[in-house]
Amino acid sequence: MQEMWTALDEYIESHLISEDPKLQKIIENTAEHGFSNHLAVAPNQGMLLQMLIQMNHCKRVLELGTFAAYSTAWLARALPEDGYLLTIEGRDTHAAMAQHNIDQANYPVKVELKVGRAADVLRALPAETQPFDFIFIDADKQSYPEYLELSLQFSRSGTVIVLDNVIRAGDIINPDNHKPSIEGIRETFSALKDHPRLLSCTALQTVGSKGHDGFAIAIVK
Ligand code: DHB
Ligand code: MG
């Protein structure tokens, strides 16, 4: 099935996603530096993130897990010039690649990359930090429950939180899989259920060039 999913993503992309030299350059740079692109979102998924930001007129966006800044670029594209995007990456090598890609793309909106474990960086943010309007959680899956709670501390009523990779080709319902990443996602589902700070929440499975996975989406009460 993977071949067909990939072919269909290519069809969607060729029909609906206009070419963007900045995004293309990020993909090329990342490959040239020897990084596999499998951690990045697909173009049609990046467009979904862009649209959620546009739909909600978001100005302040937080991303946990930058990797090479491909999803970051989709978030930046969606923002007005007076917006602000904070992205946090835990691995130095990824962060260096990401900073290079962010600098080269040179989006009009301010894009700040902080390096460190997302939870540590968030806890160290100044007390006067304004809430974010949109939060994309895409860092280490093991820590998603912690990232969700911290994200809520930096949310307002109406903030949209999107969590990537919550299906993992069905591993989350395989009772023999006890990997920390998978346990982290299961705990996240439990935390999302009837969370007192959430207005609504769901998860959607996706198939495509990135395999079988999914997004969870929540709105803060
Ligand atoms: C992995 C992480 C991601 O965020 C992703 O989108 C795909 C794969 C991983 O750790 O394997
Ligand atoms: Mg991801």
Side-chain angles (χ1 to χ4, degrees), residues 6 9-10 12-118 120-122 124-125 129-130 132-140 147 151 154 160 162-165 208-211 213 215:
T6 301
D9 259 3
E10 284 165 7
I12 293 168
E13 196 183 331
S14 66
H15 284 75
L16 303 182
I17 317 280
S18 303
E19 278 183 28
D20 175 339
K22 291 187 178 188
L23 288 172
Q24 199 48 45
K25 188 75 190 152
I26 292 176
I27 292 174
E28 284 163 19
N29 280 345
T30 306
E32 269 168 28
H33 284 75
F35 292 103
S36 150
N37 213 34
H38 80 282
L39 299 179
V41 296
N44 53 346
Q45 296 175 330
M47 181 57 92
L48 175 67
L49 299 175
Q50 171 178 310
M51 290 169 68
L52 289 168
I53 288 170
Q54 290 172 332
M55 240 180 247
N56 293 293
H57 308 287
C58 299
K59 284 202 168 178
R60 291 176 55 83
V61 170
L62 170 66
E63 177 181 54
L64 311 185
T66 317
F67 179 46
Y70 180 74
S71 50
T72 315
W74 277 101
L75 303 172
R77 264 167 58 113
L79 284 168
E81 272 185 42
D82 63 343
Y84 171 66
L85 168 53
L86 171 61
T87 183
I88 305 172
E89 174 54 48
R91 288 185 245 184
D92 291 345
T93 47
H94 290 175
M97 180 79 256
Q99 190 64 62
H100 175 77
N101 283 335
I102 290 166
D103 292 344
Q104 193 163 61
N106 193 25
Y107 285 99
V109 63
K110 180 172 180 197
V111 180
E112 190 169 12
L113 169 68
K114 288 184 186 265
V115 188
R117 197 172 165 264
D120 298 335
V121 173
L122 286 177
L125 289 181
T129 302
Q130 295 297 305
F132 292 92
D133 307 313
F134 183 90
I135 302 177
F136 182 48
I137 301 180
D138 192 23
D140 61 295
Y147 296 154
S151 293
F154 291 94
V160 174
V162 174
L163 302 95
D164 196 23
N165 311 112
S209 59
K210 302 290 168 174
D213 215 319
F215 290 111

*Are the side chain of Glu89 and the backbone N or O of Thr66 linked by a donor-acceptor pair below 3.5 Å?*
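Yes, because the side chain of Glu89 sits within donor-acceptor range (under 3.5 Å) of the backbone of Thr66.
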_Using modelled atom types and a 3.5 Å cut-off, is there a donor and acceptor pairing between side-chain atoms of Asn101 and backbone atoms of Ala68?_
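Indeed, once roles are kept as given, a pair shorter than 3.5 Å links the two residues.
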*So, is the end of the Arg60 side chain (NZ or CZ) under 6.0 Å from the ring centre of Phe132 and within 45° of the ring's axis?*
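Because its charged atom sits under 6.0 Å from the ring centre and within 45° of the axis, Arg60 does stack over Phe132.
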*Got a sec, which residues hit salt bridge (charged side-chain N to carboxylate O under 4.0 Å, His left out) with Asp164, two or more places apart in sequence or on another chain?*
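Here no residue qualifies.
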Measuring from [X]:[atom1] to [Y]:[atom2], what's the distance to the nearest 0.5 Å?
X      : Y      : atom1 : atom2 : result
Ile17  : Ile12  : CD1   : CD1   : 8.0 Å
Tyr147 : Ile135 : OH    : CD1   : 13.5 Å
Asn29  : Tyr70  : CG    : OH    : 13.0 Å
Ile102 : Glu112 : CD1   : CD    : 10.0 Å
Leu48  : Met55  : CG    : CE    : 7.0 Å
Asp9   : Asn44  : CG    : CG    : 4.0 Å

*State whether a side-chain donor-acceptor pair under 3.5 Å links Asn56 with Asp133.*
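Asp133 and Asn56 do not have a side-chain donor-acceptor pair below 3.5 Å.
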*Please name all residues satisfying side-chain contact (heavy atoms from CB on, under 4.5 Å) with Pro80, sequence neighbours left out, ordered by chain then number.*
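Partners of Pro80 under the side-chain contact (heavy atoms from CB on, under 4.5 Å) test: Lys59, Asp82.
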_Set of residues satisfying side-chain contact (heavy atoms from CB on, under 4.5 Å) with respect to Ala76, sequence neighbours excluded_ =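 Checked Ala76 against side-chain contact (heavy atoms from CB on, under 4.5 Å); matches are Leu85, Tyr107, Val109, Val111.
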Can you give me the closest heavy-atom contact between [X] and [Y], atom names plus distance?
X      : Y      : answer
Val61  : Cys58  : CG2-CB, 4.5 Å
Ala78  : Ile53  : CB-CG2, 3.6 Å
Ala95  : Val115 : CB-CG2, 3.6 Å
Pro108 : Glu81  : CB-CG, 3.4 Å

Would you say that [X] contacts [Y] through its side chain, given a criterion of any heavy-atom pair below 4.5 Å between the two side chains?
X      : Y      : answer
Gln45  : Phe215 : yes
Ile137 : Ser151 : yes
Leu125 : Lys114 : yes
Leu122 : Phe154 : yes
Thr129 : Leu86  : no

*Contact list for residues 23-34, test salt bridge (Lys or Arg N to Asp or Glu O under 4.0 Å), sequence neighbours left out*: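 Every pair satisfying salt bridge (Lys or Arg N to Asp or Glu O under 4.0 Å) with a residue in residues 23-34: there are none.
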*asked:* Taking salt bridge (Lys or Arg N to Asp or Glu O under 4.0 Å) as the cut-off, I'd like each qualifying pair that reaches into residues 13-22, sequence neighbours left out, listed once.
replied: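 As it turns out, the salt bridge (Lys or Arg N to Asp or Glu O under 4.0 Å) pairs with a partner in residues 13-22, which skip direct neighbours, are Asp20-Arg77.
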*Would you sort out whether Phe134 and Leu49 count as a side-chain contact (heavy atoms from CB on, under 4.5 Å), showing the intermediate values?*
CA-CA 9 Å; Phe134 183 90; Leu49 299 175; 4.1 Å; yes
_With a 6.0 Å cut-off (strictly less than), is the heavy-atom count around CZ of Arg117, excluding the residue itself, greater than 12?_
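Correct, the count exceeds 12.
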*Can you run down the ring pair (Phe, Tyr, Trp, His ring centres under 6.0 Å) pairs that involve residues 46-68, sequence neighbours left out, and say none if there aren't any?*
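Applying ring pair (Phe, Tyr, Trp, His ring centres under 6.0 Å) to every pair that reaches into residues 46-68, excluding sequence neighbours, yields Phe67-His94.
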*Kindly determine whether Leu62 and Ile88 satisfy side-chain contact (heavy atoms from CB on, under 4.5 Å), including the steps that lead there.*
CA-CA 8 Å; Leu62 170 66; Ile88 305 172; 4.1 Å; yes
